[in-house]
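This report refers to the structure that appears directly beneath it.
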There are 2 protein chains.
Amino acid sequence: MSDSTIYEVARLAGVSIATVSRALRGTGPVSAATREKVLRAVEELRFTPSRLGVSLAEGRHAANGIVFPDLSGPYFGEVLLGYEEVAAELGRSVLILSARDRAGVPETVKDLATRVDGLVVFGQTLPDALLTELAGSGLPMVMLAREAHPGTEAVRSENADSAEALAVHLIAHGHRAFALAGGHDEGDVSQRWTAVARTLGRHGIAAPRPVECPYTVEGGYEAGLELLGSGPDVVMCADDQVALGVILAAEELGLSVPGDVAVTGWDDIMAARHSRPALTTVRQPLRELGAAAARLLDELIAGAEPTDTTRVLATDLVIRASCGVHPVHPPEEP
Amino acid sequence: MSDSTIYEVARLAGVSIATVSRALRGTGPVSAATREKVLRAVEELRFTPSRLGVSLAEGRHAANGIVFPDLSGPYFGEVLLGYEEVAAELGRSVLILSARDRAGVPETVKDLATRVDGLVVFGQTLPDALLTELAGSGLPMVMLAREAHPGTEAVRSENADSAEALAVHLIAHGHRAFALAGGHDEGDVSQRWTAVARTLGRHGIAAPRPVECPYTVEGGYEAGLELLGSGPDVVMCADDQVALGVILAAEELGLSVPGDVAVTGWDDIMAARHSRPALTTVRQPLRELGAAAARLLDELIAGAEPTDTTRVLATDLVIRASCGVHPVHPPEEP
DNA sequence: CTCTGGGCTGTAAGCGCTTCCACTGCCCGT
DNA sequence: ACGGGCAGTGGAAGCGCTTACAGCCCAGAG
């Protein structure tokens, strides 16, 4: 952008750059006549202050970053949207970074860190050592979809209670042979599996070991082919994409859902509602998750001390057809 | 980020900042011993050069922006992912801006423009006057999902041919009473409707006026309630979300899809494949769209002159159940 | 033994802006 | 009539870095 600088504006207006700056930001006294001259010059030159100069002088970026894993799908998009919206309201630009190539990630993230006033980090995207280093350097950070790391804040949605409620519901359906699809290494998911295991245990049901798979439709399909061989009553999945994949696998194997096997997801992505059968799942407040992170980050940037606290957002159990047919099934609002 | 500066590194290493800079970037000769000292100091201070300083001195940001409309849904997320991936490969950070609140958009975009080396702009997100001003200021720009604006490059996916193919397919199904859901004001969509109208005309079928609606499930639902009253054979929708909404509306009205009315979408979002019935649609190469935009932008930033050219990416007609039952319907790969 | 040419370093001039400080008038109180 | 105060303004010092440009020293050439 071959933009004009504050010097050209000052020259054209016949004043000093200090006056231009004051006139534009409304800091310090400027006579009406002078302001007028400055504004005219700004108009004529189509001057917009260089963010670089402003940031360097102000010592702040008016921008913050968000780093998320490679995963595609609707989940991150939604959270990102909520995040960007609030950040924009707070006058901050948003830098995104997808930590896909493990190789250069630490450098890339550190570079990102010098472009922003604060950072939101998704789940287990970054190694703990790096988080510690970043937090230690005084970078305001908010963790998303996991517990707070020392020196940060965190927001996640509720896991254990909803998982228990879902398990209880499935048990009430008469399901006894459970299968779990989707690894348990990630913070959020492992909390759910733990709660499920506890709940099943209380009912005298043995908790299965989750079958690891990528959180994609393809991953779910593969896991489904493997799982369904043992003839479970129900497959609980780490997220909706996995569940959709499992349903495809069931179809492939000639099994009816929920007739032969029930399937549940997590997240309530758009496809969950439109799938056949419609997916029983747990709705996460994705936009709110992003929005809350943006607000927390803003507080930290404003000077609040990190409290290592994890905020928990409520979820909704969404009962649809995939977990077993219900006597009454009121239509959803569009 | 209370990071250390190059001065502290220089002092600790006992050299000048110029030497530190040279040692770190490998520009200019530095003795092995000195380099060693510098690296040790960098290590000890955990020094990462401030992007602000570097950019100001280099006169480049190593970052580019992307601005998209308010719309949520899977579409933008996918494109964004493709964009970010390539941008990262090219060593550029990505700033995102959602142009939702019409009020401050010009200022916000201009501010964004001073943070980046180039900009990708989605569809009709920004008024033409603003595009002209930005392009006129020498900002490298790539338009996405629309024709090139003077002074820019553009990438979109193919519209007319696929729309015609889809219309021909529907006619072959025996459908005659067509309805169109989703406004025609946007560049991409209007190209499709034009092609559909032409095709229908060739078959002596009157082309209907598209019913305007937001490109969301809700919008499609409302439009569906309105459209389905006149008993069309088939509803062609501006995108998959609208189509899913129309299907819900049909369900609400007790109509079977595709028995009573066929429905088609556009984009092939994830939900299209899992919906009941599975949606006949046109697959857009979303990631590639974003990736191509990133590469084009990089060329412009590297100094290429804008050619006002629009690249067109091929699409795939995806025939599923929603347009009418087919004798043979091979299962899709997961 | 002097001269020359590199190799290696440091000095300093920006890059575009904000803001502290100093300075000039001018109005007002006394 | 005179000093104080303040609105209005310009000068200049950074903010953290890159990069000419210049200087130094030493080896090899003549």
Side-chain angles (χ1 to χ4, degrees), chain A residues 1-39 41-42 45-63 110-117 137-139, chain B residues 1-39 41-42 45-63 110-111 113-117 137-138:
Chain A
M1 188 116 165
S2 63
D3 240 341
S4 41
T5 74
I6 199 175
Y7 286 93
E8 308 176 40
V9 174
R11 185 149 38 78
L12 183 58
V15 299
S16 73
I17 59 166
T19 299
V20 173
S21 178
R22 279 187 291 251
L24 256 32
R25 357 181 68 217
T27 152
V30 176
S31 75
T34 304
R35 167 172 296 109
E36 189 55 32
K37 282 190 301 185
V38 169
L39 292 183
V42 165
L45 266 32
R46 301 193 175 294
F47 170 73
T48 303
S50 153
R51 244 298 143 195
L52 238 36
V54 175
S55 290
L56 197 52
E58 280 188 330
R60 47 165 260 161
H61 299 268
K110 285 183 196 168
D111 177 276
L112 179 63
T114 75
R115 297 174 176 265
V116 299
D117 300 318
S137 79
L139 215 221
Chain B
M1 187 116 166
S2 63
D3 239 341
S4 40
T5 74
I6 198 175
Y7 287 93
E8 307 175 42
V9 175
R11 185 149 38 78
L12 183 57
V15 300
S16 74
I17 60 167
T19 299
V20 174
S21 178
R22 279 188 289 252
L24 255 32
R25 359 181 67 217
T27 153
V30 176
S31 75
T34 305
R35 166 172 297 108
E36 190 53 34
K37 281 190 303 182
V38 169
L39 292 182
V42 164
L45 264 32
R46 302 192 174 297
F47 170 73
T48 303
S50 154
R51 245 296 145 195
L52 238 36
V54 176
S55 291
L56 197 53
E58 281 188 331
R60 47 164 266 168
H61 300 270
K110 285 182 195 169
D111 177 276
T114 75
R115 297 174 176 266
V116 299
D117 299 318
S137 78

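None of the values given here were measured: they were computed from a predicted structure. So you know, we letter chains A, B, ... as the sequences are listed, proteins then strands, and number each from 1. The figures here come from the full heavy-atom set of this structure, side chains too, leaving out hydrogens, waters and symmetry mates.
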Acceptor/donor pairs from residues 26-37 of chain B side chains to any protein atom, 3.5 angstrom cut, sequence neighbours excluded:
unit_1, atom_1, unit_2, atom_2, d
B:S31, OG, B:T34, N, 3.2
B:S31, OG, B:T34, OG1, 2.7

- Message: Looking at B:D117 and B:R60, would you say the former's side chain and the latter's main chain have a donor-acceptor pair under 3.5 Å?
- Response: no

Across all chains, not counting sequence neighbours, the side-chain contact (heavy atoms from CB on, under 4.5 Å) partners of A:L52 are A:S50, B:L52, B:S55, B:L56, B:H61

Contact check, residues 53-63 of chain A vs DNA chain D, heavy-atom distance under 4.0 Å, returns A:L56, A:A57

Contact span of DNA chain C against chain A, any nucleotide atom under 4.0 Å from a heavy atom, 5' to 3', runs C:dG16 to C:dC20

So the salt bridge (charged side-chain N to carboxylate O under 4.0 Å, His left out) pairs with at least one residue in residues 20-31 of chain B (sequence neighbours excluded) are B:R25-B:E58

Practice task
Pick base, sugar-phosphate or nothing for A:T5, based on heavy-atom distances below 4.0 Å to the nucleic acid.
Solution key: sugar-phosphate

### Task
Take A:T48 and A:V42, measure what side-chain contact (heavy atoms from CB on, under 4.5 Å) needs, and give me the verdict at the end.
CA-CA 8 Å; A:T48 303; A:V42 165; over 6 Å; no

Show me the protein contacts with nucleotides 9-13 of chain D, counting only N or O atoms at under 3.5 Å.
unit_1, atom_1, unit_2, atom_2, d
D:dT9, OP1, A:S31, OG, 3.3
D:dT9, OP1, A:T34, OG1, 2.4
D:dT9, OP2, A:S31, N, 2.9
D:dT9, OP2, A:S31, OG, 3.4
D:dT9, OP2, A:T34, OG1, 3.1
D:dG10, OP2, A:S16, N, 2.8
D:dG10, OP2, A:S16, OG, 3.1
D:dG10, OP2, A:T19, OG1, 2.7
D:dG10, N7, A:R22, NH2, 2.9
D:dG10, O6, A:R22, NH1, 3.2

Quiz item: With a 4.5 Å heavy-atom cut-off, do A:L24 and A:L39 have their side chains touching?
Solution: yes

Between CZ of B:R25 and C1' of D:dC17 the distance, given in whole Å, is 9 Å

Only pairs under 3.5 Å count here: list side-chain donor-acceptor contacts from residues 6-16 of chain B, not counting sequence neighbours, and write none if there are none.
unit_1, atom_1, unit_2, atom_2, d
B:E8, OE2, B:T5, N, 3.2
B:S16, OG, B:A18, N, 3.4
B:S16, OG, B:T19, N, 3.3
B:S16, OG, B:T19, OG1, 3.3

As a check of understanding: the bend across the helix from C:dC1-D:dG30 to C:dT30-D:dA1, end axes from five pairs, rounded to 10 degrees, works out to 50°

